[in-house]
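Notes follow the structure.
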Amino acid sequence: MSEQRDQILVGDGDPDLDQRLSDELDEVNAAATTGTPAARELTVQLHDDDGLVGGLSGWTWGVAAGIGMTWVRGDRRGDGTGARLLDAFETEARARGCTHVFTTSFTFQAPGFYERHGYVELFRWQDLPVVGQADVHLRKELV
């Protein structure tokens, strides 16, 4: 009988590994949430004559929605574009049966934006990703 040899590989991004992990976790999640449809990606984007103005990307799964990334082009920040994108995301999340949405935002990004739109801070990790900043976790009830 041969001895099994483990090998740990460390590196930069690996799309094939990401896909494999996603597929494997989808199986585990489906088994644990029988009767709940699989998670679905949810994106919202706004374009003008110059191209992409801004967007949100995230997902919905069961009663939960999560925002992973939000971005608005510099010349359109503060003009209501972010609010429009967020509203469209929340509207679609509700249509998919979600009752709450959550996100994270570093203190140098936009936690105040989310709070102005009804998100409540759940907790923050101080000194992330650098000393003097924080990773803020927020949630909003959609009902």
Side-chain angles (χ1 to χ4, degrees), residues 4-143:
Q4 183 172 354
R5 296 175 53 120
D6 291 342
Q7 181 182 18
I8 293 179
L9 304 174
V10 177
D12 292 329
D14 184 336
D16 292 333
L17 176 62
D18 287 346
Q19 187 60 56
R20 173 72 186 271
L21 296 176
S22 180
D23 293 345
E24 297 291 346
L25 287 170
D26 285 348
E27 279 189 40
V28 171
N29 294 344
T33 59
T34 303
T36 301
R40 291 174 56 195
E41 292 184 14
L42 174 55
T43 62
V44 179
Q45 51 188 302
L46 176 66
H47 293 262
D48 66 10
D49 293 338
D50 294 325
L52 182 66
V53 173
L56 272 89
S57 68
W59 50 266
T60 59
W61 182 31
V63 298
I67 297 171
M69 291 187 281
T70 303
W71 173 81
V72 174
R73 198 173 64 207
D75 66 321
R76 296 291 296 268
R77 292 184 188 145
D79 74 355
T81 295
R84 291 172 59 198
L85 294 166
L86 187 60
D87 182 60
F89 184 94
E90 292 174 358
T91 297
E92 179 60 21
R94 280 187 195 93
R96 294 183 182 189
C98 296
T99 58
H100 62 274
V101 60
F102 64 92
T103 191
T104 64
S105 182
F106 293 115
T107 47
F108 56 85
Q109 292 175 330
F113 165 78
Y114 291 107
E115 290 170 340
R116 287 190 302 277
H117 293 280
Y119 287 71
V120 175
E121 182 177 325
L122 298 173
F123 65 93
R124 65 175 53 209
W125 289 346
Q126 284 302 130
D127 296 328
L128 284 176
V130 297
V131 174
Q133 299 294 337
D135 183 11
V136 182
H137 294 243
L138 305 115
R139 174 179 169 145
K140 180 178 181 178
E141 299 298 320
L142 294 178
V143 290

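Keep in mind the model is a prediction, meaning the values are calculated, not measured.
The closest donor-acceptor contact from the side chain of R116 to the backbone of G112 lies under 3.5 Å. A donor-acceptor pair under 3.5 Å is formed between the side chain of T91 and the backbone N or O of D87. In this structure, the side chain of T107 engages the main chain of A134 through a donor-acceptor pair within 3.5 Å. R94 contributes a side-chain N or O that, together with a main-chain N or O of L142, makes up a donor-acceptor pair within less than 3.5 Å. T103 places a side-chain N or O within donor-acceptor distance of the main-chain N or O of I67, the cut-off being under 3.5 Å.
Counting heavy atoms from C-beta outward, W61 and T33 have side chains that approach closer than 4.5 Å. Contact check for R139 versus V120: no side-chain heavy atoms found under the 4.5 Å cut-off.
For the ring pair (Phe, Tyr, Trp, His ring centres under 6.0 Å) criterion with H117, the lone passing option out of Y114, F113, Y119 is F113. The residue from T81, V72, L56, L52 that alone fulfils the side-chain contact (heavy atoms from CB on, under 4.5 Å) condition with L46 is T81. H137 pairs with exactly one of W125, F106, F102 by the ring pair (Phe, Tyr, Trp, His ring centres under 6.0 Å) rule, that one being W125.
Other residues, nucleotides and ligands contribute over 12 non-hydrogen atoms within 6.0 Å of the CD atom of E141. In this structure, R84 places its CZ atom where only 12 or fewer heavy-atom neighbours from other residues, nucleotides or ligands lie under 6.0 Å away. Within 6.0 Å of the CZ atom in R77, the count of heavy atoms belonging to other residues, nucleotides or ligands exceeds 12.
Note that the CG atom of L138 and the CG atom of L122 stand 7.0 Å from one another [nearest 0.5 Å]. For the atom pair CZ of R20 and CG of L25, the computed distance is 11.0 Å after rounding to the nearest 0.5 Å. Note: Q109 CD to M69 CE = 11.5 Å, rounded to the nearest 0.5 Å. The line from CG of D48 to CG of D75 is 7.5 Å long, rounded to the nearest 0.5 Å. Put simply, CZ on F108 and CD on Q133 are 6.0 Å apart, with the number rounded to the nearest 0.5 Å. Atoms NE2 and CD, on H100 and E90 in that order, are 12.5 Å from each other to the nearest 0.5 Å.
What you find for V44 and A88 is that their closest heavy atoms are CG1-CB, 3.8 Å. Closest approach of T43 to S57, counting heavy atoms only: CG2-CB, 3.9 Å. Smallest separation of non-hydrogen atoms from A93 and L42: N-CD2, 4.2 Å. The two residues C98 and A64 make their nearest non-hydrogen contact at SG-O, 3.3 Å. Nearest heavy-atom pair, F89 versus A65, reported as atom, atom and distance to 0.1 Å: CE2-CB, 4.2 Å.
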From CA spacing to verdict: side chain to side chain contact (heavy atoms under 4.5 Å, CB included), Q7, R5:
CA-CA 7 Å; Q7 181 182 18; R5 296 175 53 120; over 6 Å; no
